[in-house]
Amino acid sequence: MRLSQFIQANLEKIMEDWEAFARTMIPPAETMSVIELRDHAHDILLDIAIEMESDQSEDQREAKGKGLAAQSTKASFSSVHGKLRHSVGFDVSQVGAEYRALRASVLRLWMRTMGTVDATVLEEIVRFNEGIDQGLAEALFSYSEQMAKSRDTFLAVLGHDLRSPLGALSSCVELLARPANGAPNDRAVRVAKQSIASISEMITDLLEYTRTRLGRGIKVTPRPGDFSALCEQAVEECVASNPRLKFEAHIAPNLAFDFDVPRMRQVLTNLLVNAVQHGDPEFPVVLESRFENDVVVVKNRGEPIPEDSMQVIFNPLVQIPFTDSAPHERPATSLGLGLFIAREIVQGHNGKISVASSADEGTAIIVRLPCIS
């Protein structure tokens with residue numbers, strides 16, 4: 001049986017192998033469905049099989065093997081696949097690994113059915129490899145385009161968000177340079193301090209992100225501490241920063257264990273700020289901490305997270321697209337890094353962080369800390 005015919009006759013078995021390999025792509029594949037894991041693999045393979053049966057010149061085949069074949073005006077299945085893999089959090093090496101594994105799986109299964117390897121068999125293998133190489137090139141190209149768009153969006157957000165506190169700080173400096181009647185301007189001092197704090201938070205988030213991208217991770221130094229008191233402090237600080245919003249705290253007493261106090265304060269603050277940012281101000285932001293399952297939960301009510309964004313909410317530089325505008329103004333430090341940093345810190349404590357979201361129940365970020373005793 002020719003390889004192109006074998007592919008069409010054994011698509012389900014090949015898809016099972018593709019799915020099993022894609023499932024190993026952690027963390028993005030952990031929450032993905034079978035349909036999401038298989039994505040466009042079925043159509044990608046069919047396209048390759050059909051193309052293998054077509055007549056091509058040597059120049060066309062050479063261009064295809066180099067990933068330089070001319071593309072139609074319609075986006076190929078591989079191109080769409082690369083774009084979607086970026087959106088669900090696969091990195092570029094994982095996308096390449098998928099095509100590498102697909103190539104190996106098809107050839108391994110086909111060779112089991114072959115008796116002898118002759119020139120015809122080798123020609124089939126060459127044609128198949130050309131198709132895989134072209135598909136991989138298209139997937140990586142569209143993936144790179146999406147990555148560039150994400151970077152540009154992030155830089156635009158950073159520039160916009162830095163402008164406001166810097167503008168306020170500049171105005172305050174001018175006011176402080178010309179005090180009225182020699183008296184200090186308390187309001188200008190307060191606004192200046194808030195602006196400096198906002199800028200400092202953004203710079204800290206960027207440094208934390210850079211550290212993780214360089215492979216150093218976020219350092220965690222656990223020491224004995226009172227987690228109940230930390231939860232209460234985090235809520236109090238958020239209430240002070242958002243006096244017009246509603247908050248509820250349900251904190252179990254005597255949650256004492258080893259944890260990094262500054263880092264876990266950062267986690268709680270990031271989760272509360274995220275809930276404030278995306279929640280409906282008519283409903284309270286809720287923080288719960290309890291012994292049951294060693295859980296900390298931050299809840300808010302508002303527009304639910306889109307289904308296709310659930311597995312990427314903790315990825316860096318993510319701006320979740322909502323159909324409606326935010327109920328109130330986005331905080332100045334919303335760079336798409338808060339939940340990513342929270343995840344890194346929780347994992348540094350050997351814990352896990354996840355999200356649940358629905359229109360009826362609202363959105364809950366759940367932190368499980370196995371060190372709670």
*What is the distance from atom CZ of Phe259 to atom CG of Leu230, rounded to the nearest 0.5 Å?*
5.0 Å
*Are Val106 and Met114 connected in the hydrophobic side-chain network, where two residues link if heavy atoms are under 4.5 Å apart?*
yes
*Distance from Phe21 atom CZ to Leu102 atom CG, nearest 0.5 Å?*
10.0 Å
_Flag side-chain contact, heavy atom, 4.5 Å: Ser54 against Arg127_ = yes
*Please step through side chain to side chain contact (heavy atoms under 4.5 Å, CB included) for the pair Leu46 and Phe77, ending with a clear verdict.*
CA-CA 10 Å; Leu46 274 182; Phe77 291 113; over 6 Å; no
*Have Glu138 and Gln134 got a donor and an acceptor in their side chains that come within less than 3.5 Å?*
yes
*Going hydrophobic residue to hydrophobic residue with side-chain gaps under 4.5 angstrom, can you get from Val286 over to Val367?*
no
_Using side-chain heavy atoms (C-beta onward) and a distance below 4.5 Å, is Tyr99 in contact with Ser78?_
yes
_Looking at Thr269 and Arg265, would you say the former's side chain and the latter's main chain have a donor-acceptor pair under 3.5 Å?_
yes
*Is there side-chain contact between Val80 and Ser142, with heavy atoms separated by less than 4.5 Å?*
no
*ILVMFWY network linking Val220 to Leu271, side-chain heavy atoms under 4.5 angstrom*: no
_Minimum heavy-atom distance Val95-Phe90, with the two atoms named_ = CG2-CB, 4.2 Å
*Phe227 and Leu369: which non-hydrogen atoms are nearest, and at how many Å?*
CZ-CD1, 4.0 Å
*Should the heavy atoms of other residues, nucleotides or ligands under 6.0 Å from CD of Glu145 be counted, would the total exceed 12?*
yes
*Between Ser93 and Asp91, is any side-chain donor less than 3.5 angstrom from a side-chain acceptor?*
yes
*Indicate yes or no: at least one non-hydrogen side-chain atom of His349 is less than 4.5 angstrom from one of Val267.*
no
*Applying the 4.5 Å side-chain criterion to the ILVMFWY set and letting contacts propagate, would Ile341 and Leu287 be lumped into a single cluster?*
yes
_Closer than 3.5 angstrom, by distance alone: can the side chain of Gln146 be matched with the main-chain N or O of His86 as a donor-acceptor pair?_
no
*To the nearest 0.5 Å, tell me how far Gln8 CD sits from Leu3 CG.*
10.0 Å
*List the steps and the verdict of side chain to side chain donor-acceptor pair (under 3.5 Å) for Glu98 and Gln94.*
CA-CA 6 Å; Glu98 280 192 303; Gln94 290 173 327; over 6 Å; no
*Give the cluster check for Ile50 versus Leu136: same hydrophobic cluster or not, with ILVMFWY residues linked at side-chain heavy-atom distances below 4.5 Å.*
no
_Would you say that Cys238 contacts Val285 through its side chain, given a criterion of any heavy-atom pair below 4.5 Å between the two side chains?_
no
*asked:* Under the rule for salt bridge (Lys or Arg N to Asp or Glu O under 4.0 Å), what residues qualify as partners of Asp47, not counting sequence neighbours?
replied: none
*Is any side-chain heavy atom of Asp133 closer than 4.5 Å to a side-chain heavy atom of Arg103?*
yes
*Work out which heavy atom in Arg263 is nearest to a heavy atom in Lys219; give both atom names and the distance.*
NE-O, 3.3 Å
_Quick check for you: to the nearest 0.5 Å, what is the distance between Glu282 atom CD and Leu245 atom CG?_
10.0 Å
*What are the two closest heavy atoms between Ala234 and Leu272, and how far apart are they?*
O-CD1, 3.6 Å
_Neighbour count >12 (heavy atoms, 6.0 Å) for atom CZ, Arg108_ = yes
_Asn10 (side chain) donor-acceptor with Lys13 (main chain) under 3.5 angstrom_ = no
*Can you sort out the partners of Arg301 under salt bridge (Lys or Arg N to Asp or Glu O under 4.0 Å), two or more places apart, ordered by chain and number?*
none
_For a 4.5 angstrom cut-off between non-hydrogen side-chain atoms, does Gln5 reach Glu53?_
yes
*Closest approach of Val297 and Ala364, non-hydrogen atoms and distance?*
CG1-CB, 3.9 Å
*Gap between atom OG of Ser357 and atom CG of Asn300 - 0.5 Å precision*: 8.0 Å
_Heavy-atom closest pair, residues Pro304 and Thr363_ = CA-OG1, 4.3 Å
_Ile345 vs Asp260, side chain to side chain contact (heavy atoms under 4.5 Å, CB included): CA-CA, chis, key distance, verdict_ = CA-CA 9 Å; Ile345 295 173; Asp260 188 314; over 6 Å; no
*To the nearest 0.5 Å, what is the distance between CG (Leu268) and CD (Glu232)?*
11.5 Å
*Sub-3.5 Å donor-acceptor pair from the side chain of Ser4 to the main-chain atoms of Met52, do we have one?*
no
*So do Met15 and Leu45 actually touch side chain to side chain, heavy atoms under 4.5 Å?*
yes
